[in-house]
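These notes concern the structure reproduced below.
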Protein chains: 2
Amino acid sequence: MTEADERATQAPGPAHRATTPPLTERQRERRGRILHATAQLACRGGFEAVQMREVAESSQVALGTLYRYFPSKVHLLVATMHDQLERLHGTLRKSPPTGETAADRVAQTLMRAFGALQREPRLAEAMARALTFADRSVSPEVDQVSRQTTAIILDAMGGLDNPTPEQLSAVRVVEHTWLSTLITWLAGRTSLAQVRVDIETVCRLIDLTDAGPGERAARP
Amino acid sequence: MTEADERATQAPGPAHRATTPPLTERQRERRGRILHATAQLACRGGFEAVQMREVAESSQVALGTLYRYFPSKVHLLVATMHDQLERLHGTLRKSPPTGETAADRVAQTLMRAFGALQREPRLAEAMARALTFADRSVSPEVDQVSRQTTAIILDAMGGLDNPTPEQLSAVRVVEHTWLSTLITWLAGRTSLAQVRVDIETVCRLIDLTDAGPGERAARP
DNA sequence: ATCAAGTCTGAAACTTGTTCTAGATTAACC
DNA sequence: GGTTAATCTAGAACAAGTTTCAGACTTGAT
């Protein structure tokens, strides 16, 4: 009930707060161990294989401590997604997309991201399901992930500094579509080919808002 | 584990199977009571208020029976969504959208659907979260809901008999966006205004595939 | 009407997320 | 070095989804 409240009030250490207190070295290590164990368990058996007791044991941390760092399983998995996305964003930066139009570049980037997640489908499933299952109490963390995704897309568009509201709307739509197709694919309800088509379809919106219909949006 | 398997093999009565056996009158009633109780509980407190024991008690059915009809809480809520969507589709049919272009009509319809769900936000939350949280074992039911949504959108487009693959892709993207914005709004992570903008943005894809860019797609 | 097969009930048991408690450990500060 | 507050641990306890089981009830076919 007032779970989020209480925690926000009481949790002094590792987790979320307006200004998180510095975080000891050992604490950083613990947090890392937890996220690592989570990802490992998720890779093996997806969402349901990530069991809090197991995560605690694997990361050599007491159950209570795990809950102090991540107030719920969903928080834990969303944090894992944040972690993985950071990695992914780094990778993507190193080899920028080559398409002519912004839409091409975004589609290419998203399919690349899709491919990366595909390599560990169960991990992807665990993270994606947590992300969409998250309720209000996880909003800050979900928003963080959302901002990351937005950043990735804007990067692919060519690193605009001040996107217009229309562009941001298009980016949000692309984001939604990306996540939904991911989930649909992970649930075995669609083919990879259809995923690609749909990603390309939605990316048309990028060009549409980027330079108006009919025009080209090439990058120097 | 083999839960879905076993159930598919063993569940003779009410639920899913290749060809569902006819379903007695009393069974139809039971099923109806269950769905009604579910919706009622969901209206009050959303996803977490739908507790299987409560549903069973409210609908005057043993817990085991509830599980025979709906093999999990997610199945139950997805079935509830199907039920509600059927109602909604009926309502929408009665007053077709008035926009000029297919995109306008779809956007209008979706906002209307959004409005309908808004009236019972907790019920909407429960259903939407179940829908995206569903795993493979619920795929058939989720697909059914998806087909319903597709039908609503195609209706709004003007009841095409044989949509092109491009159109279907656009429809899928619109669908994904609709559900995602719904969830995002229910979680309090976005405003109604932004929802409207995003819906309108994605609906541009409809016109784009309906008659090619620049042309008009009016309906007789 | 009766029998067999399938259904429903009630209650207990099991699983896993979450909370709570008491005591040991650590970190910061005097 | 000692004190105090915060943190961590181990483990019990609780909550809600799911499973199981023995027995009562329905239904359909004979």
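Numbers restart at 1 for each chain; the letters A, B, ... are given by sequence-line order, proteins then strands. Computed from a predicted structure; not experimentally measured.
For B:Phe47 and B:Phe133, the distance between ring centers is not under 6.0 angstrom.
When each of A:Met52 and B:Val61 is assigned the nucleotide of DNA chain C bearing its nearest heavy atom, the one mapping closer to the 5' terminus is B:Val61. Closest-nucleotide positions on DNA chain D for B:Phe47 and A:Ala62 were compared, and the one nearer the 5' end corresponds to A:Ala62.
Checked by distance alone, A:Arg53 brings a side-chain donor or acceptor within 3.5 Å of a matching partner on the base of C:dT18.
B:Tyr67 has no side-chain polar atom (N or O) that falls below the 4.0 Å cut-off from OP1 or OP2 of C:dC8. The shortest distance between the side-chain N/O atoms of B:Tyr69 and the OP1/OP2 oxygens of C:dT7 is not below 4.0 Å. For A:Gln60 and D:dT9, the shortest distance from a side-chain N or O to OP1 or OP2 is not below 4.0 Å.
Within 4.0 Å (heavy atoms only), A:Val55 reaches no atom of the nucleic acid at all. Nucleic acid contact class of A:Val50 (heavy atoms, under 4.0 Å, all strands): sugar-phosphate only.
As rounded to whole Å, 19 Å separates atom C1' of D:dG17 from atom CZ of B:Arg68. In this structure, the CZ atom of B:Phe70 is 16 Å from the C1' atom of D:dG17, given to the nearest Å. Straight-line distance from the CZ atom of A:Arg28 to the P atom of C:dA27: 13 Å, rounded to whole Å. If you measure from atom CZ of A:Arg31 to atom C1' of D:dT7, you get 17 Å, rounded to the nearest angstrom. In this structure, B:Glu57 places its CD atom 19 Å from P of C:dC8, rounding to the nearest Å. Rounded to whole Å, atom C1' of C:dT16 lies 14 Å from atom CG of A:Leu77. Between the C1' atom of C:dG6 and the CZ atom of B:Arg30 lies a distance of 12 Å, rounded to the nearest Å. A:Leu63 has its CG atom 10 Å from the P atom of C:dT19, to the nearest Å.
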B:Ser180 and A:Glu175: CA distance, side-chain angles, deciding distance, side chain to side chain contact (heavy atoms under 4.5 Å, CB included) verdict: CA-CA 9 Å; B:Ser180 291; A:Glu175 241 177 278; over 6 Å; no
Verify side chain to side chain contact (heavy atoms under 4.5 Å, CB included) between A:His82 and A:Glu141, making sure each step is shown before the conclusion. CA-CA 8 Å; A:His82 186 269; A:Glu141 287 81 0; over 6 Å; no
Intermediate values then yes/no, side chain to side chain contact (heavy atoms under 4.5 Å, CB included), A:Thr181 and A:Thr190: CA-CA 8 Å; A:Thr181 52; A:Thr190 191; 5.9 Å; no
Go through A:Leu110 and A:Thr177 one step at a time and tell me if the side chain to side chain contact (heavy atoms under 4.5 Å, CB included) criterion holds. CA-CA 11 Å; A:Leu110 292 184; A:Thr177 301; over 6 Å; no
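In summary, the side chains of A:Asp155 and A:His89 do present a donor paired with an acceptor at a separation below 3.5 Å, with no hydrogens or angles considered.
Comparing C:dT9, D:dT18, C:dT16 against the side chain of A:Gln51 picks out C:dT16 as the nearest.
For DNA chain D, none of the residues of residues 34-44 of chain A falls under the heavy-atom distance limit of 4.0 Å.
Ion pairing between a basic and an acidic side chain is recognised when a charged N comes within 4.0 Å of a carboxylate O; B:Arg53 and B:Glu57 show no such pairing.
The main-chain N or O of A:Pro97 is never found under 3.5 Å from a side-chain atom of A:Arg105 such that the two would form a donor-acceptor pair.
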Can you check each nucleotide of nucleotides 21-30 of chain D against protein heavy atoms at under 4.0 Å and return B for base, S for sugar-phosphate only, - for none, in 5' to 3' order? -----SS---
